[in-house]
Amino acid sequence: MKNRLIGVVIGQVIGLVIVCAASSFIALISFGAIGGVTMASAPEKTFQYVAPLTCPNGTMEYEQYQASYNRPGEYSFNVECVTADGTRTDISLASIGYALLGFYLACFLPLCIPGALIAIIVPLFFLRRKKAEPTQTSAIESL
């Protein structure tokens, strides 16, 4: 019984490692595209979600401007934290980092948690003992 339990625990650990590695790989591939498209299509709303992390003691101000060096121009943004005394701090890079971290977790956790539960539960079926089947006696043995 002890050897069987050790085998089940090792199976669970190996299953968790495989599931978490696969989930990490899939999340690393997909979070950049999902986060990039979301930040490009709705940057102000995306940065408002992470404002409590990047600017806890002030208010976030989002500004989008067009730098028209050539005809069509390019759009860019600036995210600043304004504290109560009027101090302004650029939090653009921190906001992008926290937003991408959130998108990574949004891709990783839905894959890892159910997979981890399966990796923990499935090896437990191997721990069950086989029920003793009724022995069949042959006609020769009964004589």
Side-chain angles (χ1 to χ4, degrees), residues 1-138 141-142:
M1 178 68 178
K2 204 174 210 182
N3 290 336
R4 204 171 205 190
L5 180 64
I6 291 171
V8 167
V9 171
I10 290 173
Q12 289 175 332
V13 170
I14 291 171
L16 284 172
V17 168
I18 291 171
V19 165
C20 288
S23 300
S24 296
F25 180 73
I26 293 169
L28 279 173
I29 299 236
S30 59
F31 89 100
I34 295 169
V37 169
T38 304
M39 282 192 278
S41 63
E44 187 172 6
K45 291 182 181 181
T46 303
F47 295 136
Q48 285 176 352
Y49 285 125
V50 296
L53 297 171
T54 56
C55 187
N57 299 329
T59 58
M60 182 203 75
E61 283 190 8
Y62 174 81
E63 175 188 16
Q64 185 173 358
Y65 60 91
Q66 182 178 10
S68 57
Y69 301 113
N70 291 324
R71 275 193 263 189
E74 298 173 353
Y75 286 98
S76 188
F77 62 88
N78 190 19
V79 183
E80 293 182 333
C81 178
V82 181
T83 59
D85 63 353
T87 306
R88 293 180 172 269
T89 307
D90 184 25
I91 57 169
S92 300
L93 189 59
S95 296
I96 292 171
Y98 280 120
L100 286 177
L101 177 66
F103 287 117
Y104 176 78
L105 291 176
C107 293
F108 175 74
L109 292 177
L111 296 172
C112 189
I113 291 174
L117 290 175
I118 290 171
I120 290 172
I121 293 171
V122 167
L124 292 177
F125 289 111
F126 296 112
L127 188 61
R128 292 184 180 176
R129 289 189 176 188
K130 291 184 179 180
K131 293 182 181 179
E133 296 178 8
T135 59
Q136 297 177 357
T137 59
S138 66
E141 291 176 4
S142 61

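The figures that follow rest on heavy atoms only: side chains count, while hydrogens, waters and symmetry mates do not.
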message: Could you check whether any side-chain heavy atom of Arg88 comes within less than 4.5 Å of a side-chain heavy atom of Glu61, counting everything from C-beta outward?
response: yes
With heavy-atom distances below 4.5 Å as the criterion, would you say the side chains of Thr87 and Val82 are in contact? no
Validation row: Cys81, Thr59 side chains within 4.5 angstrom (heavy atoms)
no
OH of Tyr98 to CG of Leu93, rounded to nearest 0.5 Å, is 11.0 Å
To the nearest 0.5 Å, atom CZ of Phe25 lies from atom OG of Ser30 at 10.0 Å
One pair to check against side-chain contact (heavy atoms from CB on, under 4.5 Å): Ile118 and Val19. What are the steps and the verdict?
CA-CA 9 Å; Ile118 290 171; Val19 165; over 6 Å; no
Heavy-atom closest pair (Met60 atom, Cys55 atom, distance to 0.1 Å) is N-SG, 4.4 Å
**Study point:** Heavy-atom donor-acceptor pair, Thr54 side chain to Ile91 backbone, under 3.5 Å
**Key:** no
Heavy atoms of Gln64 and Tyr62 approach each other most closely as OE1-OH, 3.7 Å
Exercise for the section: Run the numbers on Glu80 and Thr89 for side-chain contact (heavy atoms from CB on, under 4.5 Å), then give the verdict. Expected result: CA-CA 5 Å; Glu80 293 182 333; Thr89 307; over 6 Å; no
dist Leu53:CG -> Leu101:CG (nearest 0.5 Å) comes out at 9.0 Å
Under 3.5 Å: donor-acceptor pair, side chain of Ser24, backbone of Cys20: yes
Q.
I'd like to check Met39 versus Leu100 (side-chain heavy atoms, cut-off strictly below 4.5 Å). Are they in contact?
A. yes
Taking the ring of Phe47 and the ring of Phe77, is the distance between their centroids below 6.0 Å? yes
*Would you say the side chain of Cys107 lies within less than 4.5 Å of the side chain of Ile26, judging by non-hydrogen atoms?*
no
Smallest heavy-atom separation, Asp90 atom then Val79 atom, equals OD1-O, 2.9 Å
Which of Phe108, Phe103, Tyr104 passes ring pair (Phe, Tyr, Trp, His ring centres under 6.0 Å) with Phe31? Answer is Tyr104
Rounding to 0.5 Å, atoms CD1 (Ile18) and OG (Ser23) come to a distance of 11.5 Å
